[in-house]
Amino acid sequence: MDCCCQKKSDLSLISGLLDKYAPIPGSLITILQGAQEIYGYLPVDVLYHIADRIGESPAKVMGVATFYSQFRLKPIGKYLIMLCQGTACHVNGSQRIERAVSEELGIADGETTDDGLFTLKNVACLGCCSLSPVMMINGETYGRLTPDSAKKILRDIISLEKEG
Amino acid sequence: MRIVVGEGSCGIAAGAAGVYSALESALAGSGAELSVTGCIGMCYLEPIVDIYEGDALIKRLVKVSSADAEKIRRFADGDREAVEDITISPEDSGFLEKQTRIALRHCGIINPEKIDDYISGDGYRALGKVLAEMSPEDVIEEIKSSGLAGRGGAGFPTWFKWNAARMAEGEEKYLICNADEGDPGAFMDRAVIESDPHNLIEGMLIAAYAIGAREAIVYVRAEYPLAIKRLSEAIRQAEDRGYIGDNILGTSFSCNMTIKAGAGAFVCGEETALIESLQGQRGMPRLKPPFPAQSGYRYKPSNINNVETFANVAWIILNGGSAFAAMGTENSKGTKVFALTGKIKRGGLVEIPMGMTLRDVIFDIGGGIRNDARFKSVQMGGPSGGCIPAELLDTVIDYKALAATGAIMGSGGMVVMDETTCMVGMAKFFLDFTAKESCGKCVHCRIGTKRMLEILDRIVKGDGRDGDIELLEELCRGVRDGALCGLGQTAPNPVLTTLRYFRNEYEAHIKNKKCPARSCTDLLTYTIDPEKCRGCTLCARKCPVDAICGSPKEAHVIDGEKCIRCGSCFNVCRFGAVKVD
């Protein structure tokens with residue numbers, strides 16, 4: 001696997017974003033959110049470029065990017081599985097769901113499958129507590145999970161991809 | 001006839017969008033009007049479809065699927081029996097009837113995407129009244145007489161904060177709404193924004209007028225995309241109608257409103273950390289004083305309240321502070337919204353007058369424990385709160401009474417647990433959360449929560465030692481006293497309350513290496529009762545690690561060395577032969 005920090009990102013993609021927000025003080029988080037939307041993650045060279053444009057040190061920009069859970073410094077898989085670990089999901093067995101997902105895909109929290117299809121991320125609360133345990137895959141919510149139903153959902157996606 | 005689909009996040013997650021599109025085709029040409037509303041609050045019955053004749057609700061349909069669209073069409077065509085099997089039961093209707101709704105008064109009734117729906121009730125009349133008849137001081141006085149206290153958790157008197165910001169020197173002031181609902185297990189604020197965004201906007205505008213702010217900012221969790229979408233649309237509509245912007249309703253009062261999406265950090269619920277985050281920094285709390293009322297956003301006087309607090313304001317202005325203060329107890333006035341979840345039969349959003357007991361909420365409204373299991377504890381206040389045991393179920397919901405139990409009112413998360421929930425595991429769950437979310441500024445919080453987590457971790461793994469409980473207590477005191485902000489000061493609460501009420505569970509883990517709730521997998525042993533085993537081989541086939549051996553029609557045996565305690569043999573055995581201890 002090639003290292004993501006060696007790659008050169010197309011910085012022109014965020015020039016519009018920077019033109020709009022760089023002059024407004026306190027917009028760093030908004031800029032990082034916009035950049036992640038564009039690249040899917042925050043490449044290191046993009047962070048340097050943002051620091052340069054807003055007149056802050058790269059350390060400061062990196063500090064903000066690593067503080068918030070929304071930001072990621074590595075690319076993610078085609079399907080992002082956000083597995084809810086909120087209190088209600090915990091009480092209703094989210095750990096068993098996590099074990100099932102890990103078993104099925106061979107990845108742990110924060111990891112991506114070798115084929116680049118899935119990334120697993122534990123999240124604090126998706127706010128769908130009455131459907132717990134819950135996971136969200138690319139914006140779609142799956143509730144009242146059992147280990148078997150979670151595995152089936154993943155298998156369905158995999159077979160859909162193979163057909164596809 | 002009007003057919004309304006509940007499309008809050010919970011409803012959509014349960015399939016409401018599919019129901020809506022099925023109804024769109026099924027109802028074509030029927031003359032019935034199809035629309036959406038926000039969260040009705042009965043999450044456990046989603047997707048919900050309401051049928052109105054004029055303003056009267058004539059049918060509430062629950063757990064509706066796309067396949068039911070045809071039945072609803074038949075109902076619209078005059079077949080009154082067509083939807084009987086999906087009509088809400090009288091017991092379930094009781095869920096709403098026992099509530100008193102102020103903050104949620106429009107939720108699940110109006111269409112959140114249409115400002116006219118809001119206006120046609122009493123929408124923006126409170127703002128009109130304030131601007132036409134009341135001075136900022138009058139507004140603050142009215143809020144004072146209502147006894148409204150901050151609904152974000154701390155319960156600080158709202159009027160006092162408004163007054164402090166009003167009295168602060170300087171022309172440039174900011175009004176901020178904290179919609180960074182980070183407590184895992186709470187979704188009250190999300191429901192208000194998704195279901196009734198104009199009520200929040202109106203409350204904020206009244207507050208901005210009272211403190212003298214011309215800029216209002218809503219800081220919303222990025223994890224709430226639907227709330228952000230509906231609030232942006234609502235702000236745009238309110239601007240078009242002249243409720244937001246320059247010279248509001250033709251007066252000299254001007255106020256703009258913007259949304260900032262948070263980026264995921266629990267500590268940003270703390271007001272000074274939130275301000276740092278608004279300024280594009282790491283969300284690390286500031287030392288107080290100076291308080292935000294003196295030096296807040298951009299170091300200017302600022303006032304921060306949470307969503308539910310603002311959601312009460314317009315009602316108070318229209319009905320009078322005394323009407324609000326007439327509800328509740330001596331020191332807690334009005335109503336409070338709770339997100340009732342966990343092992344509860346009827347989970348959802350509940351708004352009740354202060355002074356009801358926990359038992360009323362959990363058993364009367366919530367219907368008791370799922371599968372009629374035994375109630376063990378209710379967790380209130382999330383990572384800053386605590387676990388209240390069964391013997392205190394008659395505690396009234398009131399800031400003081402709840403604080404006396406060691407828990408807190410909190411923002412409104414109410415997670416119900418039965419006997420299968422391990423209380424040491426629960427404490428570990430919250431410490432894991434706070435240790436991850438600690439911003440790292442204060443040593444006691446940064447390292448103390450980590451050390452506590454390590455101890456809890458070894459206890460649930462069966463490696464607990466004598467003296468661990470005392471060490472935990474010492475660390476709790478250190479973190480509580482040594483942390484700057486609310487996150488650190490309250491982080492020990494989940495441990496302190498479980499130690500106070502469930503100490504025997506800690507002792508069972510440490511001394512006997514047993515988990516009384518049979519939840520900590522490392523402490524479980526699975527065995528097969530040879531008397532009951534029929535040798536059907538199902539468990540052996542299901543075991544993921546081949547830890548079960550035995551010939552067909554003979555008793556099977558589990559190899560304890562190989563067993564990973566996943567429980568699949570227990571789950572598949574039809575003869576009750578697998579024992580867990």
Side-chain angles (χ1 to χ4, degrees), chain A residues 21 24-34 36-37 54 56 60-72 82 84-96 99-100 103 121-132 134-136 139-144 146-148, chain B residues 9-10 12-14 42-44 46 181-187 190-191 221-225 260-266 268 277-284 298 339-343 347-348 379 382-383 413 415-418 420-421 425-426 429-430 433 436-437 439 521 544 566-568:
Chain A
Y21 289 107
I24 308 171
S27 299
L28 177 55
I29 291 172
T30 312
I31 294 170
L32 293 175
Q33 285 170 331
Q36 183 161 289
E37 186 92 345
I54 65 171
E56 294 279 2
K60 165 81 187 292
V61 173
M62 189 58 123
V64 172
T66 51
F67 186 84
Y68 294 97
S69 62
Q70 189 189 8
F71 299 126
R72 45 182 180 256
M82 296 204 283
C84 184
Q85 300 286 2
T87 319
C89 286
H90 173 81
V91 170
N92 283 309
S94 59
Q95 285 154 313
R96 288 169 54 222
R99 260 205 307 275
E103 220 172 84
K121 191 174 179 210
N122 283 335
V123 297
C125 187
L126 294 168
C128 304
C129 306
S130 58
L131 299 173
S132 58
V134 177
M135 67 177 172
M136 196 187 262
E140 177 130 3
T141 311
Y142 301 88
R144 301 193 179 109
T146 62
D148 286 338
Chain B
S9 280
C10 282
I12 293 173
M42 296 188 283
C43 307
Y44 70 109
E46 296 283 3
E181 191 170 47
D183 167 1
F187 51 92
R190 188 202 71 205
R221 283 183 87 188
E223 289 91 334
Y224 286 174
K260 279 258 189 180
F266 176 67
C268 291
S277 179
L278 275 180
Q279 295 183 177
Q281 312 281 340
R282 289 163 70 96
M284 295 167 97
R298 295 184 176 159
L340 191 56
T341 62
K343 302 270 183 175
Q379 210 286 340
V415 183
V416 175
M417 292 166 263
D418 67 10
T420 61
T421 309
M426 207 62 206
F429 167 78
F430 281 113
F433 182 82
K436 278 181 190 148
E437 293 292 340
C439 79
T521 44
C566 68
S568 57

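Proteins get letters first, then strands, A, B, ... in listed order; numbering begins at 1 in each. Note that these values count all heavy atoms, side chains included, but never hydrogens, waters or copies made by symmetry. As the structure is a computational prediction, the values presented were derived from the model and not from experiment.
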Visitor: Please classify the contact of B:A14 with chain A as side chain, backbone, both or neither, using a heavy-atom distance under 4.5 Å.
Guide: both

Visitor: For A:L32, is it the side chain, the backbone, both, or neither that has a heavy atom closer than 4.5 Å to a heavy atom of chain B?
Guide: neither

Visitor: Under 4.5 Å from any heavy atom of chain A, what part of B:F433 do you find: side chain, backbone, both or neither?
Guide: side chain

Visitor: Mind ranking A:E103, A:K60, A:E140, A:E56 by heavy-atom pairs under 4.5 Å with chain B and telling me who comes out on top?
Guide: A:K60

Visitor: Could you tell me which of B:S568, B:P383, B:G347, B:G262 has the largest number of non-hydrogen atom pairs under 4.5 Å with chain A?
Guide: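 Among the listed options, the one with the most contacts to chain A is B:G262.
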
Visitor: Do you know which two heavy atoms are closest between A:V64 and A:F71, and how far apart they sit?
Guide: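 Residues A:V64 and A:F71, closest heavy atoms: O-CD1, 4.1 Å.
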
Visitor: Any heavy-atom pair between the side chains of B:T341 and A:T87 that's under 4.5 Å?
Guide: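 A:T87 vs B:T341: side chains apart.
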
Visitor: At a heavy-atom separation under 4.5 Å, does B:S277 approach chain A through its side chain, its backbone, both, or neither?
Guide: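 For B:S277, the contact with chain A is made by backbone and side chain together.
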
Visitor: Is the closest side-chain heavy-atom distance between B:F187 and A:C125 below 4.5 Å?
Guide: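 A side-chain contact under 4.5 Å is absent here.
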
Visitor: Between A:G63, A:S132, A:C89, which has the largest tally of heavy atom pairs under 4.5 Å with chain B?
Guide: A:G63

Visitor: Which atoms of A:P147 are under 4.5 Å from chain B, going by heavy atoms: the side chain, the backbone, both sets, or neither?
Guide: neither

Visitor: Sort B:L278 into side chain, backbone, both or neither according to what part of it lies under 4.5 angstrom from a heavy atom of chain A.
Guide: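 The backbone, not the side chain.
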
Visitor: Evaluate B:M426 against A:H90 for side chain to side chain contact (heavy atoms under 4.5 Å, CB included), listing each step before the verdict.
Guide: CA-CA 9 Å; B:M426 207 62 206; A:H90 173 81; 4.0 Å; yes

Visitor: Who among B:A191, B:G348, B:G342 has the most heavy-atom pairs with chain A under 4.5 Å?
Guide: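 Going by pairs under 4.5 Å, I would pick B:G342.
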
Visitor: Are a donor atom and an acceptor atom from the side chains of A:D148 and A:T146 found within less than 3.5 Å of each other?
Guide: no

Visitor: Side chain, backbone, both or neither: which part of B:R190 has a heavy atom under 4.5 Å from chain A?
Guide: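 The answer is the side chain of B:R190.
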
Visitor: Are the side chain of A:Q36 and the backbone of A:R72 linked by a donor-acceptor contact shorter than 3.5 Å?
Guide: yes

Visitor: Looking at A:Q85 and A:N122, would you say the former's side chain and the latter's main chain have a donor-acceptor pair under 3.5 Å?
Guide: no

Visitor: If you compare all heavy atoms of B:A263 against all heavy atoms of A:I29, which two are closest, and at what distance to 0.1 Å?
Guide: CB-CG2, 4.0 Å

Visitor: With only heavy atoms counted, which part of B:K436 is less than 4.5 Å from chain A, the side chain, the backbone, both or neither?
Guide: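 Contact with chain A: none, neither part.
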
Visitor: Specify which of B:P544, B:A186, B:C439, B:A13 makes the most heavy-atom pairs with chain A at under 4.5 Å.
Guide: B:A13

Visitor: Please classify the contact of B:F430 with chain A as side chain, backbone, both or neither, using a heavy-atom distance under 4.5 Å.
Guide: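 Interface part for B:F430: side chain.
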
Visitor: Between B:E223 and A:L126, is there a side-chain heavy-atom distance shorter than 4.5 Å?
Guide: no

Visitor: Could you walk me through whether B:R282 and A:T66 pass side chain to side chain contact (heavy atoms under 4.5 Å, CB included), step by step?
Guide: CA-CA 9 Å; B:R282 289 163 70 96; A:T66 51; 4.1 Å; yes

Visitor: If you count heavy-atom pairs within less than 4.5 Å of chain A, which of B:A261, B:P225, B:S9 leads?
Guide: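 Heavy-atom pair counts peak at B:A261.
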
Visitor: Looking only at heavy atoms and a cut-off of under 4.5 Å, which of A:I31, A:L28, A:V91 has the most pairs with chain B?
Guide: A:V91

Visitor: Which pair of heavy atoms, one from B:V415 and one from B:M417, lies closest together, and at what distance?
Guide: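 Distance-wise, the nearest heavy atoms are O-CE, 3.7 Å.
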
Visitor: Relative to chain A, which of B:G567, B:A222, B:G283, B:C10 shows the most heavy atom pairs under 4.5 Å?
Guide: B:G283

